[in-house]
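The first residue in the sequence is number 1, and the count goes up from there. Each ligand, and each atom within it, is numbered from 1 in the order the structure gives. What you see is a predicted model; the values in this text were computed from it and never measured.
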Amino acid sequence: MATFAVTGSASGMGAATAARLAAAGHTVIGVDLREAQVTADLGTAEGRAEAADAILRASGGTLDGVAAIAGVGPDMQDPAAVMSINYFGPVALLEALRPALERSGAGRAVVIGSNSASTVPLVDDALVDLSLSGDEQGARARAVEQQAAMPAEITQIVPSITAYASSKLAIARWVRRTAVTPEWARKGVTLNAIAPGAVLTPLMLGSTGKPEDLDADSFPTPMPLGVFGEPEDIAFWVDQFLKPEARYSTGSILYVDGGTDAAMRPDAYPTPMTL
Ligand code: NAI
């Protein structure tokens, strides 16, 4: 049986993933702000370092997989916190845990991004670049500036939408850039991302209201399958990426979104290489 660290384990997709792995007999080290074996705030440098230390102590220094699922939504009032939690949190934690993944001989890392990275037309390129350059203070300041420049009719509903979509595009790019570096790829450690669509969790319902009031056919983005996702729909794919047999996929972004991205941008992906 394997040992996995799962962030965001107290709710939604993280809780569903932790439950699925535990039901299969694996050891799960849950990480969250509350109700977890490791309680830490992944939005701060200190919290990330504490979390990494506690995970390494609990695992004995070797991990079979890490599922970086903790995150916040576009309804969060503070866009700076969105950048710190959704981008800098998983990056720092995965970098700190990479040697423990390497030690297992077949480490697996999975990050939860979002289809908002490609379906929300409010991404700020500078915010993505600041994130990828590792400038957390710069990204936080830029996110606040961007929110202030956004029309009130948008920020009243989703105050941090630019930070949210930008943090999720940045994490997708970080996964693709990082997965293929020798430190990961040549050590047998795979790194992939899942881009969920609208999944019925407390995070999504914070922006949209009660599940009984939601109708897939009148949702603002197209929902070809006609249903919302459940946390278990995402946990299923996280579990697949965590398996030792999933050794030939790295740097991929898997859309698990009911077909939303394909409906909105059918030909945008894959894009052909140009000379
Ligand atoms: P959720 O709110 O049910 O669970 C998120 C968990 O992350 C919570 O337990 C929360 O306490 C934890 N968390 C938040 N900030 C944290 C911090 N600073 N330190 C440690 N833990 C923290 O939300 P859900 O929907 O399960 O979200 C999981 C991931 O999926 C997030 O990264 C989110 O951005 C992403 N996502 C969610 C979508 C949805 O429709 N629900 C769509 C696309 C992406």
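The I112 neighbourhood of ligand 1 comprises atoms 29 (C), 30 (O), 35 (C), with distances under 4.0 Å to a heavy atom of that residue. The atoms of ligand 1 that sit less than 4.0 Å from any heavy atom of I69 are 28 (C), 29 (C), 31 (C), 32 (O). Taking a cut-off of under 4.0 Å to the non-hydrogen atoms of G43, the atoms of ligand 1 that pass are 18 (N). Contact atoms of ligand 1 toward P202: 3 (O) (distance under 4.0 Å to a heavy atom of the residue). For ligand 1, the atoms sitting less than 4.0 Å from at least one non-hydrogen atom of K168 are 31 (C), 32 (O), 33 (C), 34 (O), 35 (C), numbered in the order shown with element in parentheses. Within ligand 1, counting atoms from 1 as listed, the ones closer than 4.0 Å to a heavy atom of G12 are 3 (O), 26 (O). Residue contact check: A198 has heavy atoms under 4.0 Å from atoms 40 (O) of ligand 1. Applying the 4.0 Å criterion to heavy atoms of A40 picks out, from ligand 1, the atoms 19 (N), 20 (C).
For ligand 1, the polar-atom distance check finds an N/O of D41 within less than 3.5 Å of one of the ligand's N/O atoms.
Residues T181 and T178 have side chains that never bring a donor and an acceptor to within less than 3.5 angstrom of each other. Counted by atom type alone, T39 and R34 present zero donor-acceptor pairs between their side chains at under 3.5 Å. At a cut-off of 3.5 Å, with distance as the only test, a side-chain donor of S218 or D215 sits close to an acceptor on the other residue.
Counting only heavy atoms of the protein, atom 3 (O) of ligand 1 lies nearest to S11 OG, 2.6 Å. Among protein heavy atoms, atom 36 (N) of ligand 1 sits closest to Y164 OH, 3.5 Å. Remark: minimum distance from atom 40 (O) of ligand 1 to any protein heavy atom is reached at V199 N, 2.9 Å. When only non-hydrogen protein atoms are considered, atom 8 (C) of ligand 1 lies nearest to D32 OD2, 3.6 Å. When hydrogens are left out, the protein atom nearest atom 25 (O) of ligand 1 is T201 OG1, 2.5 Å; that is the closest non-hydrogen contact. Among protein heavy atoms, the minimum distance from atom 14 (C) of ligand 1 is reached at G71 O, 3.6 Å. In terms of protein heavy-atom proximity, atom 2 (O) of ligand 1 is nearest to L203 CB, 3.4 Å. Looking at atom 37 (C) of ligand 1, its nearest protein heavy atom turns out to be M13 CE, 3.3 Å.
Summarising the contacts of atom 15 (N) of ligand 1 with I85, V31, T44, the nearest heavy atom is found in I85. Comparing P231, P90, G197, A36 against atom 42 (C) of ligand 1, the shortest heavy-atom distance belongs to G197.
Distance alone, capped at 3.5 Å, places no donor-acceptor pair between the N192 side chain and the L254 backbone. Although no hydrogens or angles enter the test, the distance criterion places no donor-acceptor pair under 3.5 Å between the side chain of N86 and the main chain of S167.
E102 and R98 are joined by a salt bridge, as a carboxylate oxygen and a charged side-chain nitrogen come within less than 4.0 angstrom of each other. A salt bridge links D239 and K243; the closest N-O separation between the charged side-chain nitrogens and carboxylate oxygens is under 4.0 Å. Taking the charged nitrogens against the carboxylate oxygens, D64 and R108 have no contact shorter than 4.0 Å, which rules out a salt bridge.
Assignment of G73 to the shell around ligand 1 is not supported, since no heavy atom sits closer than 4.0 Å. Ligand 1 is approached by G113 to a heavy-atom distance shorter than 4.0 Å. The closest approach between R34 and ligand 1 falls below 4.0 Å for a heavy atom of the residue.
Other residues, nucleotides and ligands contribute over 12 non-hydrogen atoms within 6.0 Å of the CZ atom of R103. More than 12 heavy atoms of other residues, nucleotides or ligands sit less than 6.0 Å from atom CZ of R265.
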*Given Y87 and S166, is the side-chain hydrogen bond (donor to acceptor under 3.5 Å, both in side chains) satisfied, shown in steps?*
CA-CA 9 Å; Y87 179 81; S166 304; over 6 Å; no

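From R20, atom CZ reaches atom NE2 of H26 across 9.5 Å, with rounding to the nearest 0.5 Å.
Between Y269 and Y255, the ring planes are tilted. Angles from 30° to 60° get that label.
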